[in-house]
Amino acid sequence: MRNLTGKFVVLSLFAALLGSASAQAALKVGLVLDRGGKDDKSFNEAAYKGSLRAQKEMGLELKVVEATDTNAFEPLLRTFAQRGYDLIIGVGFAQAEAVKKVSAQFPDRKFAIVDSEVPGANVRSMMFEEHEGSYLVGAIAALTSKTAKVGFIGGMDIPLIRRFQMGYEAGARKVNPKVEVESNYIGVTASAWNNPPKAKELAVSQYNKGADVVFAAAGASNLGLFDAAEERKKLAIGVDSNQNWIKPGFVLTSMLKRVDVAVFETIREASGGKLEAGTRRYGLANEGVDYALDSFNQKVLTEDVLKKVNVLKAEIIAGKITVPDYYKRNAKN
Amino acid sequence: MPRTETSASGAEAPAVELVGLSKTFGSVRANDAVSFRVERGSIHGVIGENGAGKSTAMKMLYGIYTPDAGKILVEGKVRRWRSPQDAIAAGIGMVHQHFMLAGPHSALDNILLGAETSRRAWSWLPPPLRPIDRSAARAKLQALAERYSLPVDWDTPVERLPVGIQQRIEILKLLYRDARILILDEPTAVLTPQETQDLFANLRRLRGEGKTVLIITHKLKEVMAVTDRVTVFRGGKVTGGVETEATSPQELADLMVGRAVHLQVKVPPQPEPGQAALRLRDLKLTGREGGVERLKGVSLEVRSGEVVGIAGVEGNGQSELLESILRPAELLSGRVEVLGQDVTDLPTAEIKAMGVGWVPEDRHRDGLLLNRPVRENFLLGLQSSAAFSRSGLVQWGEVDAAVKRALEEYDVRPRDPDVNAGGLSGGNQQKLIIAREFERKPRLLVAAQPTRGVDVGAIEFIHDRILKARTEGAGVLLVSSELDEVLALSDRILVLYEGRIVAEFTRAQADEKRIGAAMGGSA
Amino acid sequence: MSWGRAMDRWMPVLRALLSVIAGFAAGLAVTWVAGESPWNVFMILIRSAFGSWYDLGMTLFYTTPLLLTGLSVAICFQAGLFNIGAEGQLTLGALAAAVTGVVLAGLPWPLAPVAAAAAAFGTGAFWGWIAGWLRARRGSHEVITTIMLNFVAAGLSSYVALYLFPNPDSQNPETRPVAKSFLIQHLSVFGDAPVSTALILAVAMCVAYGFLMRRTVLGFELRSVGQSERAARVAGIDPGKIQILAMVLAGGLAGLVGVGEVLGNAEKFKLGFSPQYGFVGIAVALLGRGNPVGVAAAALLFGALHKGTGDLDFETENVTRDLSMILQALVILSVSADGLWDWVKRRV
């Protein structure tokens, strides 16, 4: 976290130089957000902020649009392509198909997508190693728990969130093999991302069963978890953005998924004319995922726990620990 | 407060004077310079065919409509109403044809509704929050009831009271609000002959106490019986104002219609009655909500070439009897035969296709598609007949030809198949229904209230048609709450009382008094 | 007289036009408040809805389902019923088309899409039948039951899509893709826009609807029941049967939305693919006033609005896609504010 900030400063200077160098031919960037929109306090907002920062530092021409239905992605992406945008970014795996189709139709344009791997000579895929970050917050949860019971709440029941769950469970078991992990999902449709009451209900039930730390990977539904934690005086773990500030003292930490960084870097590479196709993975090693520590959770996240977790983190980065990956579960068997 | 000017001298002025009242709806001139006066302490009849403008004039007097031109003088003062509230405040009250009573509430509450009083102690509260002072109201009402001899059970829900009493409550409601001028719209439509006599006695008593009564009606006999003066409307204009003593029903009818009218139905000789067109055996039926039996074993027979009339006060099972012929499947028990065939298990469409003509008792509700053109209303019920449909397609060309011919033959005005049925006058609507139902050349004709709300000219026409069907050998079942109509048309008369046939008369035996008694339950 | 007759005939059209204009005026006023030139916004709407073959194609792509749901709601209006269930019916219709394309993957081309379309119609019709039967035989109000059935359809479709036929290659909540033999042709004149022969199917349905209502005995009976259940009953029509039939046809029409969506666009069933086509269909039917040409025009209007407002996002600084919602809502509002018109007329 702290290292990251420093790195940003360096990056920014670098980017500013680059930006001024290419000011006469401002890069045109189009960002297509998923249905949550740019104010979802989570995933889409992170992507939006990343692009805003890029705009500020590199002086590019930026246009952000939101989709209202699954059929809207394709026309939005296509309109960007038709209007001569140089880099078109689709946020969220729901756009994979649309990006694949439109990128094939416009080989001269660059495309990028978050959370999905799309083949193509002009497509950059941004993937996050969510299981690594989840592993760390799983360890933090189990180390902090006094009851040896922790909880997990997933938003929509899809492989992406299963990946969070699997990493979280593995991390918790690593530090305490006897820990019990209770897991629930809010739903199977996209509405699960925005259902705080259901999240709260699940959290209260998990707390009642003895869990004292609950991690939720559920987009805007996470707010329900924080409410429950405050009411029950228990601990919660946030996701994607740093959510520690939402209920200081009750949010143990947040599993950061730096979509903003990924989007920013992708734009930066494109503005340098060096955006390569293929998949870029963001894990612990390049700080694409991490846990959050700031003034809001200093009191609840103890030095002792931090020490142990940082050891784990170093071991993962060094390749000494392989975190189980839901995406590769079949390969193992 | 309504604007008030004084014109004629106060004390001697008539109760109501209308001067040159005009009202136009769209392109229809509903009232054209209507002028007449109603003397204080008199019973004044307002008659006219449907659409003649009598209701429009009364509604202007009562503040429901605003006149386009002309003046309304009440007790010598020129008045302008913004709403009926103003008219009520000026001492005018109206009993509508359909009573405005809240069924589950008691008579007392119905009368208080909208005129609640409370003790002075509560006057600091906003009016809707003040507790109602029932005992003071009850005392005042009791005094009124005694003064006008209008006894009422104050505490029973009004829906459980007879219609005559409900009407009495409506009148008391007006008196309670200190009405000096009472307008009654078709007050006898729902009453038995006895109740009608009671009402007339009450009206005379009100007149004796100085009240002024306006009766809107189309029953000439009643006009003759109870009024002092009559104003006749035709085509939005006043065509006559006469002293009742100096006129005759024939003169009134001619004034209403604008031509000579045959008041007496000319009944052609009855053909030799033939086979049974309709035979009902011991029909039993519970009401729509279940519970009470509405038909308690009705048996009757209608032969071809015969008109059988069902007399009875409304609500004694007539509607249920009619329904059970059309939908015998809903009967509790019993058997329905049409033209010698047991139809108890058949659907309506098949029963009607056997040659059953049907004039429903409520033409707006059951007979017409008011928002659809005449053409479609003519087709209704005939849409599957071989004449108008082939392989599931409506043959509009043939329908149009038939409609044109029928409008001509049955004198439906306007002769326009494109106009909506709801835009026709009551009489023309009924003629349209008759035209449609006769299109099949019915062998059984069921006619319920065939002339209700129909003007005099059309009544004559409809009666002729019914008798013509009889002459042509159809069996006719006539259900009507107009005893005169039943008496005039029927070869046999059955009296329905509380779900049973309680009396039977041949044409020769029929006598208004005895039938009236049977209708009231004392057979 | 002839002037009056002409008034009677054209008044509904005039009123519909006025209500649309009033709705647009209000909507554009909102953009003005947001800091845009209303004229500019209006021109963008027109241009991006009809400006090129591709744009027109996208407009027609959105028009197709709206025409079907509009007809679905309209046919129920004719029978005196209020079908709020088109959303659920179209969801299950699309699901059925997709499942057919997965399960019967071996069907050859001409037969395959026909089978899928039949499944879509049949499933939607079944869903409509439930509400119709409950209304006719149990007296449950169709507004309540169709709303409830929308929820059941949503739950059922996610179960079937995610547990029985999930797409193993995607995280999206969707079924496996249908076999290639099920796909229907795109109309190439519209370029990349996913307008398929489903548009022709929808137009054919619109013609069929007009024929049904104007020429057939069934259409006449349907309208009669809608005008007066009691009068129809006395005339020998079984209102219950007609109501059930109307709901069945309505459900089937809504179900056909699945043809364009699954066979002509997504190639699979995606949960939540419909941006409330079923509900916008209510506005389409209201605006179209039961007239097939009116419904088609209303569907085109709302389709154009949906497409046109999409580009506002690109062309303006302050107006987003949400304006589409506001504009549509305002048009719907003024369409349903019919009573207001009567009120104005009374005053004048």
Side-chain angles (χ1 to χ4, degrees), chain B residues 25-28 322-323 325-327 329-330 346-354 356 358-373 375-377 379-385 388-396 399 414 416 418-423 433 436-437 446 448, chain C residues 1-12 15 77-80 136-137 139 207-242 244-245 249 289-291 338 341-342 344-348:
Chain B
F25 297 107
S27 57
V28 182
L322 292 165
E323 240 168 69
I325 299 171
L326 219 45
R327 283 190 296 284
E330 290 170 19
L346 292 186
T348 309
E350 283 182 42
I351 296 174
K352 292 194 78 181
M354 291 170 66
V356 178
W358 195 271
V359 180
E361 55 180 336
D362 183 335
R363 62 177 167 269
H364 283 178
R365 195 186 62 188
D366 296 338
L368 294 171
L369 311 173
L370 296 172
N371 294 321
R372 299 303 303 177
R375 172 189 292 115
E376 292 187 18
N377 277 279
L379 184 63
L380 185 64
L382 304 171
Q383 70 275 8
S384 303
S385 68
F388 299 130
S389 77
R390 266 192 285 292
S391 41
L393 299 184
V394 178
Q395 305 300 311
W396 285 111
V399 174
D416 181 356
D418 290 319
V419 80
N420 282 351
I433 290 175
R436 174 178 79 200
E437 298 302 319
V446 180
Chain C
M1 193 62 196
S2 69
W3 165 242
R5 184 63 54 81
M7 281 287 280
D8 284 350
R9 164 166 275 187
W10 292 106
M11 193 46 102
R15 282 167 72 156
F77 275 150
Q78 294 280 1
R137 306 286 179 241
V207 173
Y209 164 84
F211 185 79
L212 175 81
M213 292 316 298
R214 277 170 197 193
R215 292 298 316 277
T216 67
V217 171
L218 177 62
F220 177 78
E221 295 189 344
L222 213 131
R223 191 168 53 226
S224 300
V225 169
Q227 290 290 322
S228 166
E229 215 175 304
R230 294 198 50 132
R233 184 192 283 262
V234 167
I237 301 168
D238 179 349
K241 216 155 88 184
I242 295 290
I244 292 175
L245 200 71
L249 290 176
R289 281 163 216 259
N291 178 301
D338 235 6
W341 173 265
D342 290 326
V344 170
K345 221 168 55 171
R346 260 203 314 279
R347 288 269 144 158
V348 176

Chemist: Would C/Gln227 and B/Glu376 count as a side-chain contact (heavy atoms from CB on, under 4.5 Å) here? Give the steps.
Modeler: CA-CA 11 Å; C/Gln227 290 290 322; B/Glu376 292 187 18; over 6 Å; no
Chemist: Is the side chain of B/Thr348 donor-acceptor paired with the backbone N or O of C/Val234 at a distance under 3.5 Å, no angle test?
Modeler: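 Absent.
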Chemist: Given heavy-atom pairs under 4.5 angstrom as the criterion, report whether the side chain, backbone, both or neither of C/Arg214 touches chain B.
Modeler: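 Interface part for C/Arg214: backbone (N, CA, C, O).
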Chemist: Going by side chain to side chain contact (heavy atoms under 4.5 Å, CB included), name the residues that satisfy it together with B/Asn420, two or more places apart in sequence or in a different chain.
Modeler: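 By the side chain to side chain contact (heavy atoms under 4.5 Å, CB included) rule, B/Asn420 matches B/Pro373.
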Chemist: B/Leu382, B/Leu379, B/Asn371, B/Leu368: which one forms the most heavy-atom pairs within less than 4.5 Å of chain C?
Modeler: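 Looking at each of B/Leu382, B/Leu379, B/Asn371, B/Leu368 in turn, B/Leu379 comes out on top.
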Chemist: Hey, does B/Leu369 have a side-chain heavy atom less than 4.5 Å from the side chain of C/Arg223?
Modeler: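 Result no, sub-4.5 Å side-chain heavy-atom pair not found.
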Chemist: What heavy-atom pair brings B/Gly367 and C/Ala231 nearest, and what distance separates the two atoms?
Modeler: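 That would be N-CB, 4.1 Å.
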Chemist: With sequence neighbours excluded, tell me which residues meet side chain to side chain donor-acceptor pair (under 3.5 Å) with B/Gln395.
Modeler: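 Partners of B/Gln395 under the side chain to side chain donor-acceptor pair (under 3.5 Å) test: none.
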Chemist: Search all heavy atoms of B/Gln383 against all heavy atoms of C/Phe220 and return the closest pair with its distance.
Modeler: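 Residues B/Gln383 and C/Phe220, closest heavy atoms: CB-CD2, 3.5 Å.
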Chemist: If you measure from CD1 on C/Ile237 to OG on B/Ser384, what distance do you get to the nearest 0.5 Å?
Modeler: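 Between C/Ile237 CD1 and B/Ser384 OG, I get 7.5 Å after rounding to 0.5 Å.
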Chemist: Starting at CG of B/Asp366, measure out to CZ of C/Arg230 and round the result to the nearest 0.5 Å.
Modeler: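 If I round to the nearest 0.5 Å, the distance is 4.0 Å.
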Chemist: Drop me the distance from B/Arg372's CZ to C/Ser224's OG, to the nearest 0.5 angstrom.
Modeler: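 Those atoms lie 8.5 Å apart.
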Chemist: Tell me, side chain or backbone of C/Glu229 under 4.5 Å from chain B's heavy atoms, or both, or neither?
Modeler: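 Nothing of C/Glu229, per the 4.5 Å heavy-atom cut-off to chain B.
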